[in-house]
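Below: the structure, in structure tokens.
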Amino acid sequence: MRILLINPNTTAAVTEQAAAHARRLIPAEIVPVTGRFGARYIASRAAAAIAGHAALDALAAHVAGCDAVYLACFGDPGLLALKEVSPVPVVGMAEGALHLACTRGRRIGIVTGGVLWKPMLTEFVAMLGLSERLAGIRTVAPTGGEIARDPDAALGRLAAACHDCAEIDGADVVVLGGAALAGLAERVQPQVKVPVICSVEAGARAVVAAAGLAGARPMRPPTESVGLSDELARMLRAEG
């Protein structure tokens with residue numbers, strides 16, 4: 001099994017961190033790809049919009065020969081567009097983690113880095129139809145990129161935010177979200193009385209489950225374009 005792991009920001013170290021974590025967890029060949037253009041780390045709506053394009057660009061260039069796609073960025077920029085055009089199943093990190101959380105508890109909390117993510121994640125949860133299951137979203141000031149550079153410095157704040165999700169917001173399961181936060185859930189767990197889910201792990205396991213389940217994609221009209229990569233332009237023209 002070959003899994004295309006797309007990190008649609010442009011920090012290769014985060015891509016490798018997520019890929020290394022996934023390799024330890026799932027029986028598949030991981031093909032990691034970093035966004036060709038865009039923000040170093042996604043922490044705003046503008047950066048997320050650009051990341052959606054970068055994810056499509058990466059998909060078109062690298063999906064051949066893969067069995068599924070893992071969009072390894074919490075918040076899943078471009079997820080629905082990827083699902084629309086991909087020849088194989090696509091699973092987003094946040095999508096996979098939130099669906100797993102729904103099997104572990106009734107009320108879900110989310111903790112991530114970057115204060116601007118709260119409204120974006122609120123909208124994403126609504127898009128998945130899970131708003132009624134959401135207990136709360138808490139963010140810490142350091143962005144995911146800053147946490148990746150110095151995870152120990154952020155660990156206390158992440159643990160406190162997870163604790164508050166449970167004690168104040170009433171969550172009975174908490175998702176610790178972000179590619180740069182891979183492996184931190186187990187370090188936070190002793191300070192939180194409810195299960196803490198690692199989004200990188202949950203997404204990786206979900207994409208393995210999705211591989212091989214490809215169904216018919218919705219019909220879409222061929223789209224002519226200007227200025228895109230040759231691979232993406234061909235994909236949008238539905239040339240295969």
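All residue numbers refer to positions in the sequence shown, counting from 1.
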Q: Please assess Met127 against Leu80 for the test side-chain contact (heavy atoms from CB on, under 4.5 Å), listing each intermediate value before the final yes or no.
A: CA-CA 10 Å; Met127 184 270 290; Leu80 296 184; 3.9 Å; yes
Q: Measure the SG-CZ distance between Cys198 and Arg187 for me, rounded to the nearest 0.5 Å.
A: 12.5 Å
**Q.** Flag side-chain contact, heavy atom, 4.5 Å: His53 against Leu228
**A.** yes
Q.
Determine whether a donor-acceptor pair (N or O, by modelled atom type, separation under 3.5 Å) exists between the side chain of Glu95 and the backbone of Leu98.
A. no
Q.
Atom CZ of residue position Arg104 - does it have more than 12 heavy atoms of other residues, nucleotides or ligands inside 6.0 Å?
A. no
Q | Main-chain N/O of Leu134 paired to Arg107 side chain as donor or acceptor, under 3.5 Å | A | yes
**Q.** Distance in Å, Leu158 CG paired with Arg138 CZ, rounded so as to fall on 0.5 Å steps
**A.** 13.0 Å
(Q) Could you check whether atom CD of Glu167 has more than 12 heavy atoms from other residues, nucleotides or ligands sitting under 6.0 Å from it? (A) yes
Q. Listed by chain and number, what are the side chain to side chain donor-acceptor pair (under 3.5 Å) partners of Thr15, not counting sequence neighbours?
A. Asn7, Thr34
Q) Are the side chains of Pro119 and Arg45 in touch, meaning some heavy atoms are under 4.5 Å apart? A) yes
Q) What's the shortest heavy-atom distance between Pro8 and Ala51, and which atoms? A) CB-O, 3.4 Å
Q. Hey, what do you get for SG (Cys162) to NZ (Lys193), rounding to the nearest 0.5 Å?
A. 14.0 Å
**Q.** ILVMFWY cluster, Leu181 and Val196 together (side-chain gap under 4.5 Å)
**A.** yes
Q) Can Leu128 be reached from Leu71 by stepping across I, L, V, M, F, W or Y side chains whose heavy atoms are under 4.5 Å apart? A) yes
**Q.** Approximate separation, where rounding is to 0.5 Å, of Leu116 CG and Ile42 CD1
**A.** 13.0 Å
Q: List the atom of Ala43, the atom of Met120, and the distance in Å for their closest heavy-atom pair.
A: C-CE, 4.5 Å
(Q) Rounded at 0.5 Å granularity, tell me how far CD1 in Ile197 sits from CG in Leu100. (A) 4.0 Å
Q. Under a single-linkage definition using a 4.5 Å side-chain heavy-atom cutoff for Ile, Leu, Val, Met, Phe, Trp and Tyr, are Val63 and Val91 assigned to the same hydrophobic cluster?
A. yes
Q | Heavy-atom check, side chain of Leu121 versus side chain of Thr139, under 4.5 Å | A | no
**Q.** Pair Ile30-Ile3, side-chain contact (heavy atoms from CB on, under 4.5 Å): steps then yes or no
**A.** CA-CA 5 Å; Ile30 305 297; Ile3 304 297; 4.0 Å; yes
Q) Quick check: does any side chain N or O of Glu146 sit under 3.5 Å from a backbone N or O of Thr143, one acting as donor and the other as acceptor? A) yes
Q: Show your working on side-chain contact (heavy atoms from CB on, under 4.5 Å) between Asp169 and Asp164 and close with a plain yes or no.
A: CA-CA 7 Å; Asp169 302 335; Asp164 288 347; 5.5 Å; no
(Q) When you group the ILVMFWY residues by side-chain heavy-atom contacts below 4.5 Å and let the links chain together, are Val31 and Val14 in the same group? (A) no
Q.
For Ala13, is there any backbone N or O sitting under 3.5 Å from a side-chain donor or acceptor partner on Thr11?
A. no
Q.
Can you confirm whether Leu5 sits close enough to Val33 that some side-chain heavy atom of one is under 4.5 Å from a side-chain heavy atom of the other?
A. no
Q | Residues in side-chain contact (heavy atoms from CB on, under 4.5 Å) contact with Ala39, at least two apart in sequence or another chain | A | Ala47
(Q) If you compare all heavy atoms of Gly178 against all heavy atoms of Met93, which two are closest, and at what distance to 0.1 Å? (A) C-SD, 3.9 Å
Q | Sidechain-backbone polar pair: Thr10 side chain, Gly35 backbone, donor-acceptor under 3.5 Å | A | no
**Q.** Close side-chain approach of Val175 and Phe74, heavy atoms under 4.5 Å
**A.** yes
Q.
If I compare all heavy atoms of Ala171 with all of Gly109, which pair ends up nearest, and what's the gap?
A. CB-N, 3.5 Å
Q.
With a 3.5 Å distance limit and no angle check, can you tell me whether Arg2 reaches the backbone of Gly65 through a side-chain donor-acceptor pair?
A. yes
Q: Using modelled atom types only, decide if a donor and an acceptor are shared between the side chain of Arg133 and the backbone of Arg106 within a distance under 3.5 Å.
A: yes
Q) Would you find a donor on one side and an acceptor on the other, under 3.5 Å apart, between the side chain of Tyr70 and the backbone of Val200? A) yes
Q.
Please tell me whether Leu184 and Trp117 are part of a single hydrophobic cluster in this structure, the criterion being side-chain heavy atoms less than 4.5 Å apart.
A. no
Q) With a 4.5 Å limit on heavy-atom distance, are the side chains of His62 and Ile6 in contact? A) no
Q. Step by step, would you call Phe37 with Asp57 a side-chain contact (heavy atoms from CB on, under 4.5 Å)?
A. CA-CA 9 Å; Phe37 52 82; Asp57 181 83; 4.0 Å; yes
Q) Could you state the interatomic distance from CE (Met235) to OG (Ser225), rounded to the nearest 0.5 Å? A) 12.0 Å
(Q) Within the 4.5 Å heavy-atom criterion, are Asp67 and Val88 side-chain neighbours or not? (A) no
Q | Shortest non-hydrogen contact from Val207 toward Ala68 | A | CG2-CB, 3.7 Å
Q) Are Asp76 and Lys83 within salt-bridge range, i.e. N to O under 4.0 Å? A) no
Q.
Is it the case that the side chain of Ser199 and the backbone of Ala97 share a donor-acceptor pair, with hydrogens and angles ignored and the cut-off at 3.5 Å?
A. no
Q: Can you see which heavy atom on Arg220 is nearest to which on Leu236, and at what distance?
A: NH1-O, 3.4 Å
Q. Are the side chains of Pro27 and Met1 in touch, meaning some heavy atoms are under 4.5 Å apart?
A. no
